[in-house]
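These values consider heavy atoms only, across backbone and side chains, with no hydrogens, waters or symmetry-generated copies.
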Amino acid sequence: MTSLRPPAGYPLMSGIILTTLITAGVHLSFGFPLFILNGLGYLGLLVLLYAPVPALERIQPIVRYVLIGYTVLTIVLYFVMGPPFMAVGLLTKAVEAVLVVLLILEASRSRRPAG
């Protein structure tokens with residue numbers, strides 16, 4: 001009897017996908033052009049990061065860092081431009097902070113030699 005095991009990075013990848021989808025969904029739900037573009041940016045970067053397309057493999061480490069920067073920029077701009085005490089906004093920023101941590105963990109894991 002064989003057991004199917006998920007890949008070693010599966011929990012991190014799942015967390016990144018989940019937190020990215022949550023923040024993209026929140027931004028898309030507001031319906032304003034700036035929020036829609038932000039949500040679409042998250043979705044586009046997520047696709048570039050994990051799409052099983054061989055041509056994308058060499059840029060995926062770069063995409064990870066772009067997604068980190070994009071997320072940090074979104075958090076900073078919320079506090080510069082937005083109402084910082086809106087409950088949905090603060091919860092979304094917490095999700096985005098978790099996303100950044102997960103991306104950093106994944107980046108450090110991918111730099112380690114296999115073995």
Side-chain angles (χ1 to χ4, degrees):
M1 181 170 161
T2 61
S3 65
L4 295 175
R5 299 177 116 184
Y10 183 76
L12 277 176
M13 179 196 231
S14 297
I16 290 167
I17 291 169
L18 180 63
T19 53
T20 303
L21 290 176
I22 289 170
T23 195
V26 169
H27 285 94
L28 291 170
S29 73
F30 285 124
F32 297 110
L34 188 60
F35 289 100
I36 291 171
L37 289 172
N38 187 263
L40 291 174
Y42 275 111
L43 295 176
L45 288 168
L46 183 64
V47 168
L48 289 174
L49 184 59
Y50 290 128
V53 178
L56 294 176
E57 285 179 13
R58 73 180 216 292
I59 68 161
Q60 287 170 334
I62 297 165
V63 171
R64 185 177 298 109
Y65 288 108
V66 171
L67 184 52
I68 291 169
Y70 190 81
T71 305
V72 169
L73 180 63
T74 300
I75 293 168
V76 169
L77 289 177
Y78 172 78
F79 289 105
V80 170
M81 297 173 56
F85 301 108
M86 201 169 107
V88 171
L90 291 175
L91 287 172
T92 305
K93 297 312 124 193
V95 169
E96 291 167 356
V98 170
L99 172 59
V100 170
V101 169
L102 293 174
L103 286 164
I104 290 169
L105 289 172
E106 186 180 64
S108 69
R109 174 180 226 152
S110 68
R111 280 189 300 233
R112 283 189 225 141

Calculate, to the nearest 0.5 Å, the distance between atoms [atom1] and [atom2] belonging to [X] and [Y] respectively.
| X | Y | atom1 | atom2 | result |
| --- | --- | --- | --- | --- |
| Leu48 | Arg64 | CG | CZ | 12.5 Å |
| Leu67 | Leu99 | CG | CG | 5.0 Å |
| Phe79 | Leu90 | CZ | CG | 5.5 Å |
| Leu43 | Thr23 | CG | OG1 | 10.0 Å |

My understanding is that only residues two or more places apart in sequence, or in another chain, count here; which of them pass side-chain contact (heavy atoms from CB on, under 4.5 Å) with [X]?
| X | value |
| --- | --- |
| Tyr50 | Met13, Ile16, Ile17, Leu46, Glu106 |
| Val88 | Val26, Phe30, Met86, Thr92 |
| Val66 | Leu45, Ile62 |
| Leu91 | none |

Check whether [X] and [Y] end up in the same hydrophobic cluster, where Ile, Leu, Val, Met, Phe, Trp and Tyr are linked by side-chain heavy atoms less than 4.5 Å apart.
| X | Y | answer |
| --- | --- | --- |
| Leu37 | Val76 | no |
| Ile36 | Val47 | no |
| Val80 | Leu73 | yes |

Non-hydrogen atoms of [X] and [Y] that approach each other most closely:
| X | Y | answer |
| --- | --- | --- |
| Leu102 | Gly15 | CD1-C, 3.5 Å |
| Ala24 | Gly39 | CB-O, 3.6 Å |
| Gly9 | Arg109 | CA-NH1, 3.9 Å |
| Ala51 | Leu56 | CB-CD1, 3.8 Å |

### Task
Could you list all the salt bridge (charged side-chain N to carboxylate O under 4.0 Å, His left out) pairs where at least one residue sits in residues 85-98, not counting sequence neighbours?
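Qualifying pairs: Lys93-Glu96.
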
### Where at least one partner belongs to residues 51-71, residue pairs that pass ring pair (Phe, Tyr, Trp, His ring centres under 6.0 Å), sequence neighbours excluded
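The answer is Tyr42-Tyr70.
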
### Message
Counting C-beta onward and ignoring hydrogens, is there a side-chain heavy-atom pair between Leu28 and Asn38 closer than 4.5 Å?
### Response
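No - every pair of side-chain heavy atoms lies 4.5 Å or more apart.
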
